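Since the structure comes first, as structure tokens, the remarks are kept for the end.
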Amino acid sequence: MSSESLIAALYVFALAAFLGYQVISRVPPLLHTPLMSATNAISGISLVGSIVIAGSGHGTVATILGFVAVVCSTTNVVGGFVITDRMLRMFKRKEAPKK
Amino acid sequence: MSSESLIAALYVFALAAFLGYQVISRVPPLLHTPLMSATNAISGISLVGSIVIAGSGHGTVATILGFVAVVCSTTNVVGGFVITDRMLRMFKRKEAPKK
Amino acid sequence: MQLRIYFIEFSYLLASILFVLGLKGLSHPETAKRGMHLAEFGMTMAIIGALMHFEIVSYTWIIVGLLVGSTLGAAMGVWVPMTAMPQRTALSHAFGAFAAALVGIAEYYSYTHGFKPIVQLGHLTMSAMGFEIMLGALTTTGSLIAFGKLQGIVPGKPLVYRGQNIFNMLLLATTIGLFIYLIFVPTAVIPFYLMLTFAFVFGILLVLPIGSADMPVVMSLLNSYAGLASAATGFVLSNNVLIIAGTLDGFSGFILSVLMCRAMNRSMTNVLFGAFGSAATVAGGEGEHGEMREVSLDDVAVQLAYAQQVVFVPGYGMATAQAQHVVRELGDTLEKRGVTVKYGIHPVAGRMPGHMNVLLAEANVPYSSLYELEQINPEFPTTDVVLVIGANDVVNPDARDNPNSPIAGMPILEVDHAKSVVVLKRGQGKGFSGLENPLFFKPNTGMLYGDAKDTLTKLVSAVQHA
Amino acid sequence: MQLRIYFIEFSYLLASILFVLGLKGLSHPETAKRGMHLAEFGMTMAIIGALMHFEIVSYTWIIVGLLVGSTLGAAMGVWVPMTAMPQRTALSHAFGAFAAALVGIAEYYSYTHGFKPIVQLGHLTMSAMGFEIMLGALTTTGSLIAFGKLQGIVPGKPLVYRGQNIFNMLLLATTIGLFIYLIFVPTAVIPFYLMLTFAFVFGILLVLPIGSADMPVVMSLLNSYAGLASAATGFVLSNNVLIIAGTLDGFSGFILSVLMCRAMNRSMTNVLFGAFGSAATVAGGEGEHGEMREVSLDDVAVQLAYAQQVVFVPGYGMATAQAQHVVRELGDTLEKRGVTVKYGIHPVAGRMPGHMNVLLAEANVPYSSLYELEQINPEFPTTDVVLVIGANDVVNPDARDNPNSPIAGMPILEVDHAKSVVVLKRGQGKGFSGLENPLFFKPNTGMLYGDAKDTLTKLVSAVQHA
Ligand SMILES: NC(=O)c1ccc[n+]([C@@H]2O[C@H](COP(=O)([O-])OP(=O)(O)OC[C@H]3O[C@@H](n4cnc5c(N)ncnc54)[C@H](OP(=O)(O)O)[C@@H]3O)[C@@H](O)[C@H]2O)c1
Ligand SMILES: NC(=O)c1ccc[n+]([C@@H]2O[C@H](COP(=O)([O-])OP(=O)(O)OC[C@H]3O[C@@H](n4cnc5c(N)ncnc54)[C@H](OP(=O)(O)O)[C@@H]3O)[C@@H](O)[C@H]2O)c1
């Protein structure tokens, strides 16, 4: 990794950190559980790295590692999103005030 | 500009845009005027570019242009911050409810 | 060629933006669904981008992996019951972290086995890789233990032995030592795999000594570790979408744990290193004072039936009893009788953030009738009956009144201000904090013993005939 | 060497972070000061970083420039009165944009005169540079005209001639055409300087036809243009701190203009292209209905002196009359007599965002007694006297009642709900929107003519003797 790319990465990291703080801190407690599963799904992004490794044929070992990585992260991605959707579909607005 | 650096720049831009939106939209109307002068001051950042040009001796023309740029942006930086401070010092909390 | 690079990078950039938008959507239940669809689309873009990479020579294993993963994921997603959310979350942290770790290992392997020019394995790359692998490894095993404890496979109560802390500290020190050594001598293969193993072991030892009750906080921390691991992967592959997504993930975990601590008022340090101790051992509390007044089911039914306003305060007990549906039933029955029914939700009621909200949402309680701490507390004085359904700590007046109480200062639902309080619990059981709860001894408090679900079912019919 | 690069980059990164923190600080008056100090420190770091660059061979002109600039800036900062804020802002937009433009030109010059390898002047660099220069140039002249109009050097009323829009459009088209040509042939010097000139001219023509009343919105847009220009500079020099600061600046300008439009309820498009027309020409309004009731100063004094609660509603008139200090005096006198005094501040009262807040703050009115639209409107029914001090549009009931009014739907301060309203204005003058204001004809409204400052001074003494 060159120093330039390190620096660029640091900028992205710093900005993402701020953004993360700003965005997440605005999520109401009501949605904290969906938030957890949503971020799980998003953290499945390591799939991107896994795919490249599983495919780049750097010997059997690397391929196997990559393959397992792909399985794990795909599970996260799919599982995470499915569950989040399932949860969110459960949150309903009051039909009409009953009192 | 290489395509890599363009892409890196785009990421920084996108994140900064989000961040800008999040942060600025949280500034209360009470402080909108200070906000304006504060961002003026910060926009004086083009000073960074100006300095390098004014100093890198790329011929008289470039130097003059750089010099003028330095003057302009420094004026913004100093003026902006001085005024913002002045304004903010004026904003006072109620000493003790008088009613 | 050039074009393809642009396309890949563009898809990554788009993905990053969509992830941020997705999480922004979660700031309101109305926009949440759309937000998630954006995030899903973003992930698709990212995957497409990844599939375009030049390095890829064969797609077989990728496709197989994707298929297997999707099946597993979909199965999980569809079958896991809402009450098992904590376990599932723990498990998926393990998966995520493991994936990150594997990517790191594979990268290292490709460098050390001549698939990538070893010279490129510089100090910077190695440091990033080290972080990735250490965080990944310890999070993997740590989360697995957490999963085990929550699932009841691993004994929930803290496993403690003498000199534990010292040993853990030493292990951590050695691991970090190896890491630092590797930064200077990236090609040292044995130290690398030693570091890896130690990290895995450390994860186990880190979580074993913690009581299952403390898991939620630990999990959120593991969550942020997992996120940071992916971010580190991003540094290794200098891939921005990984950095961004990882950081977002890391932060959400971190913020949630902070919120939990605040609501339980434990200091952040206490949690960060509290992981070396266990809250359950705090316990104590100053024995009985006064006696509990038991009330009969019918009395309660009548009270409820003729009340103006009733507030339900659910807690962990509702979750264990799976009583959310009956709660909703009771609510409806009362509302049919013209009683105003509100739900008071404490931020850390239950065992994970938003636990109660999800359960009640599952039981079709509209979120507009769920009230947060600040909203509901002023209402208690004008409330006729508060029904405390398997909640304990979150309604413990000691937190407010007794400065010496371990939970002193923790914001609570001030149900004791209500005209009368009825507590549903099975017996003398203590709450998560293991403390005595003076609320139960107050004159205006009545105890209604029994499993929440049964009691409530009986109450429903009783109210109908009241 | 390597180290120096790291230091430079680090200082830039730190600066970026500090800028963000600084703006975050502005989310509350308590934290605002600290925030600004962070931003100032950040700027210092950035400057130090810039001074470390290798390209720099001589510091003479840099230092001279810094000195001159600081003197000018300090002078401006200390001497400019709060009432002249709009002008100053316009001027500094001009400076900022001009600096950005100059940097771009100098860069281009160094490429085309062999100080930098011409081959490196690729399409990407050229596009970024083009944006930088076009935005910079048009913002410079545009802001200068805006300054002139606000200062009264340039005639405030819109300068319109036939075929103006077509001409402007054509000019813009040509400029962009040249820009596109340059992207493909970066070395074409003549087109470059043509584009530059056209951009300068376009800036003038863009703002000239706009009435000075509309300046605030235009200024905020120019603000965001200036910001984007700096961001573009960042792309050219691939310097992240420039990109970040520029983007933040651009966004604040954009958001402020959006807020202004919303509060004036003009559509964003109306503003973005309204720049080609002028609000002042909207005018119209349906003549007199009923008559205005003039009230005597002493009556008002008595009313105020014996009121329970009085609300001051300041507007542009207070600014022009420089009456903020007298207002505060009157407020104090009343409070001494036990009258509750509140200030109702409309988001777009005056001529720039937060205009009234700053003026009143200058007059030492604590911000805790300034109330926003939502807070104060419910209070009017229980208010005895509302003193409208040079405000007009922001209290125009037509916005609420008359759907055909040009300002229909603009949120207003509903002073007409108060028990009695006293309007301080000089005569029959209309407000910014040039509309008739039915409020003045309501039975419970009394008009007190004369310059706000004089009237208020008289009122103070009258109240003291009441
Ligand atoms: N939400 C989070 O994120 C989170 C994270 C970490 C820690 N915590 C902690 O968890 C606690 C949550 O407080 P809480 O009031 O919700 O729960 P709690 O304090 O743990 O009390 C649960 C109560 O439910 C009763 N119960 C258990 N099973 C029951 C059943 N089947 N039917 C009826 N009652 C039953 C228990 O009494 P019996 O045994 O007598 O029935 C117990 O008193 C807080 O101390 C909080 O700090 C929460
Ligand atoms: N704040 C912003 O950011 C912003 C930006 C763009 C546009 N605007 C527009 O500006 C307007 C602001 O409304 P506003 O009610 O504050 O002001 P206004 O509607 O412009 O009315 C100002 C009133 O003050 C009176 N006046 C002028 N000089 C005076 C003096 N020396 N003593 C006493 N009275 C004096 C004028 O009447 P006489 O001439 O009879 O004295 C006039 O009726 C809104 O329409 C808003 O949309 C605001």
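Note that these values count all heavy atoms, side chains included, but never hydrogens, waters or copies made by symmetry. Proteins come first, then strands; the chains are lettered A, B, ... in the order of their sequence lines, and each starts at number 1. Note that the structure is predicted; figures quoted are calculated from it, not measured.
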What part of [X] is in contact with chain D, defined as an atom under 4.5 angstrom from a non-hydrogen atom: side chain, backbone, both or neither?
X       : result
B:Ile53 : side chain
B:Leu35 : both
B:Leu31 : side chain
B:Ala41 : backbone
B:Val71 : both
B:Leu15 : neither
B:Val27 : both

Flag side-chain contact, heavy atom, 4.5 Å: [X] against [Y]:
X        : Y       : answer
D:Leu248 : B:Thr39 : no
B:Val48  : D:Tyr12 : yes
D:Glu372 : B:Pro29 : yes
D:Phe235 : B:Leu10 : yes

Evaluate whether atom [atom1] of [X] has more than 12 neighbouring non-hydrogen atoms of other residues, nucleotides or ligands under 6.0 angstrom away.
X       : atom1 : answer
D:Arg34 : CZ    : no
B:Tyr21 : OH    : no
D:Glu55 : CD    : yes

Measuring from atom [atom1] of [X] to atom [atom2] of [Y], what distance do you get when rounded to the nearest 0.5 angstrom?
X        : Y       : atom1 : atom2 : value
D:Met43  : B:Thr74 : CE    : OG1   : 9.5 Å
D:Tyr109 : B:Leu65 : OH    : CG    : 8.5 Å
D:Thr247 : B:Phe13 : OG1   : CZ    : 5.0 Å
D:Phe19  : B:Ile45 : CZ    : CD1   : 4.0 Å

Let me have the donor-acceptor pairs involving side chains of residues 61-75 of chain D, under 3.5 Å, with sequence neighbours excluded, atom names and distances please.
| unit_1 | atom_1 | unit_2 | atom_2 | d |
| --- | --- | --- | --- | --- |
| D:Ser70 | OG | D:Leu66 | O | 2.5 |
| D:Thr71 | OG1 | D:Leu67 | O | 2.5 |
| D:Thr71 | OG1 | D:Val68 | O | 3.2 |

When [options] are compared by non-hydrogen pairs under 4.5 Å with chain B, the top option:
options                             : value
D:His113, D:Lys33, D:Met76, D:Lys24 : D:Lys33
D:Met126, D:Glu30, D:Met356         : D:Glu30
D:Pro29, D:Gly114, D:Pro86, D:Gly22 : D:Pro29
D:Arg88, D:Lys116, D:His93, D:His28 : D:Arg88

Heavy-atom distance under 4.5 Å to chain B: side chain of [X], backbone, both or neither?
X        : result
D:Tyr59  : neither
D:Met85  : side chain
D:Leu23  : both
D:Pro347 : neither

Side chain to side chain contact (heavy atoms under 4.5 Å, CB included) partner of B:His32, the single match among D:Val358, D:Leu259, D:Asn357: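 In the set D:Val358, D:Leu259, D:Asn357, the residue that makes a side chain to side chain contact (heavy atoms under 4.5 Å, CB included) with B:His32 is D:Leu259.
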
Return yes if some donor-acceptor pair links the side-chain N/O of [X] with the main-chain N/O of [Y] below 3.5 Å, else return no.
X       : Y        : result
B:Thr33 : D:Gly354 : yes
B:Asn76 : D:Ser92  : yes
B:Arg86 : D:Gly77  : yes

So which of [options] has the largest heavy-atom pair count under 4.5 angstrom toward chain D?
options                            : value
B:Ser43, B:Ser25, B:Pro34, B:Ala38 : B:Ser43
B:Asp85, B:Val68, B:Leu30, B:Leu47 : B:Leu30
B:Val77, B:Val82, B:Ile64, B:Val61 : B:Val61
B:Gly66, B:Ala8, B:Gly49, B:Ala62  : B:Ala62
B:Gly57, B:Pro28, B:Ala54, B:Ser73 : B:Pro28

Distance-minimising heavy-atom pair for [X] and [Y]:
X        : Y        : answer
B:Ser46  : D:Gly96  : OG-O, 4.2 Å
D:Ile255 : B:Gly20  : CD1-O, 4.4 Å
B:Ser5   : D:Ser238 : CB-CB, 4.4 Å

Look at the rings of B:His58 and D:Phe115 and say which category their plane angle falls in: under 30° parallel, 30 to 60° tilted, over 60° perpendicular. parallel

Practice item. List for me each residue that meets side-chain hydrogen bond (donor to acceptor under 3.5 Å, both in side chains) alongside B:Thr84, sequence neighbours excluded, and say none if there are none. Key: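 Testing B:Thr84 for side-chain hydrogen bond (donor to acceptor under 3.5 Å, both in side chains), a comparison that skips the adjacent residues, returns B:Ser37.
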
